[in-house]
Every structure is written in C-alpha cells, then in structure tokens.
Number of protein chains: 2
Amino acid sequence: MNNPKVSSRKTIILREAARLFREKGYSGTNLRELAKSSGIQGGSIYHHFSSKQEILYQIMEYTMTILISKIGELIGSEPEPFEQLRKAIRFHIEYHTSNVNETYVTDAELRSLTPDNYKKIVVLRNKYEHIYIQIIKDGIRAEKMKIDDVKLVSKALLQMLTGVSYWFDPNGSLRINEIANKYIKLFFWGIAGKDNQNHEEAS
Amino acid sequence: MNNPKVSSRKTIILREAARLFREKGYSGTNLRELAKSSGIQGGSIYHHFSSKQEILYQIMEYTMTILISKIGELIGSEPEPFEQLRKAIRFHIEYHTSNVNETYVTDAELRSLTPDNYKKIVVLRNKYEHIYIQIIKDGIRAEKMKIDDVKLVSKALLQMLTGVSYWFDPNGSLRINEIANKYIKLFFWGIAGKDNQNHEEAS
DNA sequence: GTCTATAACTAGATAGAC
DNA sequence: GTCTATCTAGTTATAGAC
C-alpha cells in the first residue's frame with residue numbers, strides 16, 4: 001500500500017482487510033479469517049498492526065490522502081471550472097470503481113472508528129468535499145453554472161458518483177469512460193433537455 | 001410496526017434495533033444492549049423473535065413493502081410522467097429522512113442477510129427501483145425527457161436521493177420540502193443552466 | 001411476557017518458541 | 001516474521017422459574 005510495487009505482507013493484509021470489511025462489515029470480520037486469506041496465522045497480524053482498529057484506520061487514511069492529492073494535481077493543471085469539474089467527476093468514478101473495497105470501507109465504516117480516528121478522517125473527507133465545492137463556486141463566479149445551494153449540490157454529486165462503484169460490473173457492457181460521460185451529461189444538463197426548459201420551476 | 005398506533009414490545013424492539021444497526025452495524029450490535037434499550041432483559045428478545053437475523057429481516061421487509069405500496073398509490077393517481085417523477089422524488093426523500101434508521105439499514109445491511117432472506121429483499125428492491133425506471137420510460141415516450149440510459153439514470157437518481165438522509169439535519173435550516181425542490185430542479189435541469197446549453201457534448 | 005442462569009462458542013489480543 | 005497456545009471477555013441462543 002505504501003509502495004505499490006512491493007506486495008509486502010502488510011500490503012496484502014490491508015488489501016484483504018478492505019475486501020472483508022466491505023463484504024462483512026468491520027465488526028463482522030474476524031482476524032483469524034483475515035490472517036488466513038493473507039497467508040498467515042491469526043497471531044501474526046499483530047506483528048504488522050497493533051489492533052484491528054489500526055487496520056481500518058490505515059485503509060481510510062491512505063485512501064483519503066491519495067484522493068486528495070490526486071484531485072489536487074488534476075485540477076491544478078486546469079484553469080477552466082467547467083473542465084475542472086469534468087475531470088473531477090471522471091477521476092472520482094475511476095478511482096472508486098478501481099478501488100471499490102477501499103473506497104466503500106472509507107465511506108461506510110466511519111461509525112467503526114474510535115473517536116480520535118474519526119475526527120482525523122472526517123477532516124480529510126471535508127477537505128476532499130471542499131475541493132468540489134470550490135470548483136462549483138468558481139463555476140458560478142465565471143457564470144458557467146447556475147446553482148443556489150452549492151453544498152447541497154456537491155453532496156448530491158458525490159453521492160451519485162460514489163454510487164457507481166456499488167453497481168459497476170467490470171465484466172458488464174459499459175466502460176468506465178462511458179459511464180463518466182453519462183454522469184457528466186446528466187449532472188450538467190439534467191434529464192429534461194432543452195425543449196422542456198419552460199417548466200423551470202419545481203413546485 | 002405492524003400497527004403503528006400500539007407501541008407493543010415487538011414494535012419497540014424493531015425500532016431500537018434499526019437505530020442500533022445503523023449506529024453500530026448489524027454485527028456490531030449485541031442483543032443485550034438491544035434488549036436493554038427496549039426495556040427488557042436479553043433472553044426476553046427470544047419471546048418476540050427467533051433470532052437476531054429475523055429482526056434484521058423484518059425491518060427490511062417492512063420498509064420495502066411500505067415503500068412499494070406508498071409509491072404505487074402516489075403515482076397511480078397521477079397520469080403525467082413529469083409530475084409523477086416530481087411526486088416520487090418528494091416521497092423518496094420524505095420517507096427516507098423520516099425513517100432514517102430503517103431505510104439506512106435496509107440500504108446498507110443487505111450483506112448481513114442469510115442467502116434466502118437476501119433473495120427476498122432483493123426482489124422487493126428491484127420492484128421499487130423498477131417503478132422509477134417505468135416513470136422515466138413513460139417520460140421519454142411522452143417526449144418530456146431525454147435519456148439514453150434509463151437504468152443508469154434511475155440508479156443515479158435513487159443514490160442521490162437516498163444520500164439526503166445521510167446528511168439531513170432535522171434541526172438545520174433546510175425543510176424537507178425545500179430540499180426536495182432543489183433535487184427536482186437539479187435532476188431536471190442540471191447545473192449548467194439554459195445559457196450554456198451549447199456545450200451539449202461531454203467529451 | 002419477562003426473568004435469571006448458563007451452555008456453547010467465537011472474538012481480539014498476548015506470550016514465548018523458532 | 002511467523003508459529004502455536006492461551007487468556008479473557010463477549011456473543012447468540014436456550015431452559016426453566018415466576
């Protein structure tokens with residue numbers, strides 16, 4: 001996980017843990033099973049991690065750090081907010097579908113963190129979410145986007161995008177790139193299309 | 001739960017179970033604690049339910065059944081697809097925010113069901129999702145909506161809407177009715193607004 | 001319908017050998 | 001770095017009294 005070129009035991013444990021935590025939940029996963037699928041015995045886990053909690057925390061901390069750093073690079077090299085948002089959407093879907101186990105756990109197991117770990121991860125989550133908020137704010141300022149509630153719209157967007165990893169099937173007919181295009185189109189223009197622009201109000 | 005007027009012990013257990021399953025997960029919740037917060041001792045749970053699994057199943061079965069029956073009534077009395085969708089969106093958000101614990105559990109604890117129970121709940125989920133798919137298909141046929149991938153769009157919609165119950169704060173400044181309006185507007189017209197309709201493609 | 005007591009088992013974590 | 005053995009505690013579920 002720290003060095004993707006070497007599949008050290010630690011890396012294997014983290015990868016298997018993410019898989020099991022997603023399949024059975026954090027509480028539903030036991031360390032003997034995790035050890036077995038990592039190729040070692042139960043007790044050996046504790047050579048690499050001090051507790052089950054630490055494994056969960058490291059998965060989340062790593063995932064959020066990568067997400068933040070990659071999205072940062074991505075939008076740093078692109079000045080136009082519309083194009084920034086397109087790239088951000090594409091990236092979020094790609095990363096979440098390519099790392100389903102880790103991102104699912106990071107998303108769904110916040111409740112299983114100790115209070116201290118919880119605080120740290122929430123800080124990172126807010127940081128990531130704030131990047132999307134900022135892009136949209138810039139889009140409004142540039143008069144490219146029309147939104148009256150930036151926070152709500154960012155949340156709606158991220159939940160919709162994260163949802164892709166819940167149903168995405170790598171063996172299905174849709175490529176990730178096509179899916180991203182469809183989401184971009186939906187989020188930008190909605191379902192009503194130009195012809196129905198007269199129903200602007202939502203009573 | 002079966003008769004909302006009487007808060008029988010069974011009803012109380014189901015309500016408390018939904019709350020605890022959401023807070024700590026199904027595996028993370030123990031029956032002594034559930035019993036305690038329901039006002040009885042651990043062993044007494046088994047007078048009302050045969051197992052922990054049965055409690056989970058009943059929460060989900062009840063929630064899905066109500067969702068399907070209510071949305072059925074709602075769109076049955078409205079012929080126009082645009083208006084049907086507005087009502088459906090409003091209903092989904094309202095029900096999910098008013099019954100956060102039950103809907104969250106129904107959404108997130110599918111993995112904790114036994115294979116037999118899993119199959120039954122998935123049938124109900126598909127039934128509910130199919131109602132949204134049908135509305136959108138009708139909307140396309142009536143040339144009110146422009147969508148090339150109905151399944152994807154329905155999933156995007158439902159994930160976005162369900163997400164409201166994850167951040168909704170009853171003491172916050174936004175009323176559910178206002179939130180529903182914002183989501184309807186977003187889903188119908190997108191964020192780009194009329195003026196930018198020329199960027200139709202999403203490269 | 002609820003209680004107490006307990007059976008049967010499983011879990012996270014530790015210790016010390018190799 | 002991994003093993004085996006084990007401690008300690010907690011878990012679902014059952015049994016029988018009230």
* Asked: Side chains of Gln53(B) and Asn117(B): do they bring a donor and an acceptor to under 3.5 Å?
  ->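 There is such a pair (donor and acceptor under 3.5 Å, judged by atom type) between the side chains of Gln53(B) and Asn117(B).
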
* To do: Compute whether any side-chain donor of one residue and acceptor of the other, for Thr103(A) and Thr106(A), lie under 3.5 angstrom apart.
  =>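 No - no donor-acceptor pair under 3.5 Å links their side chains.
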
* Asked: Heavy atom of residues 48-56 of chain A under 4.0 Å from DNA chain C: which residues?
  ->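 Within this stretch, Ser51(A), Lys52(A) sit under 4.0 Å of the strand.
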
* Looking at residues 28-41 of chain B, who's got a heavy atom less than 4.0 Å off DNA chain C? ->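 The answer is Ile40(B), Gln41(B).
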
* To do: Please figure out whether Tyr46(A) or His47(B) has its closest DNA chain C nucleotide nearer the 5' end.
  =>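 Result of the comparison: His47(B).
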
* To do: Could you say whether Gly42(A) or Ser27(B) is positioned toward the 5' end of DNA chain D, judged by the nucleotide with the nearest heavy atom to each?
  =>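 Between the two, 5'-proximity favours Gly42(A).
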
* Asked: If you look at every heavy atom in Ile93(A) and Val164(A), which pair is closest and at what distance?
  ->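 Scanning both residues completely, I find the closest heavy atoms to be CG2-CG1, 4.1 Å.
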
* Asked: Any cation-pi pair here, Lys70(A) with Phe91(A), using under 6.0 Å and within 45°?
  ->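 Relative to the ring axis of Phe91(A), which defines the angle, Lys70(A) lies outside at least one limit.
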
* Tyr118(B) OH: over 12 foreign heavy atoms closer than 6.0 Å ->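 Atom OH in Tyr118(B) is not crowded, with 12 or fewer foreign heavy atoms closer than 6.0 Å.
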
* Between which nucleotides of DNA chain C, 5' to 3', does chain A make heavy-atom contacts below 4.0 Å? ->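 The contact span of chain A on DNA chain C goes from dA11(C) to dT14(C).
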
* With sequence neighbours excluded, residues passing ring pair (Phe, Tyr, Trp, His ring centres under 6.0 Å) with Tyr26(B) ->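 Only Phe21(B) meet the ring pair (Phe, Tyr, Trp, His ring centres under 6.0 Å) criterion with Tyr26(B).
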
* Asked: Is a salt bridge present between Arg22(A) and Asp107(A), judged by a nitrogen-to-oxygen distance below 4.0 Å?
  ->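 No.
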
* Pairing of Glu33(B) and Lys36(B) as salt bridge, 4.0 angstrom limit ->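 No, this pair does not count.
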
* Just grab all the side-chain hydrogen bond (donor to acceptor under 3.5 Å, both in side chains) pairs involving residues 148-163 of chain A, residues at least two apart or on different chains. =>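 Counting only pairs at least two positions apart or across chains, the side-chain hydrogen bond (donor to acceptor under 3.5 Å, both in side chains) contacts touching residues 148-163 of chain A are His92(A)-Thr162(A), Glu129(A)-Lys155(A).
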
Name the atoms and distances for all side-chain donor-acceptor pairs under 3.5 Å in residues 72-82 of chain B, with sequence neighbours left out.
unit_1: Ser77(B); atom_1: OG; unit_2: Leu74(B); atom_2: O; d: 3.1
unit_1: Glu78(B); atom_1: OE2; unit_2: Glu80(B); atom_2: N; d: 3.1
unit_1: Glu80(B); atom_1: OE1; unit_2: Phe82(B); atom_2: N; d: 3.4
unit_1: Glu80(B); atom_1: OE1; unit_2: Glu83(B); atom_2: N; d: 2.9
unit_1: Glu80(B); atom_1: OE2; unit_2: Phe82(B); atom_2: N; d: 3.2

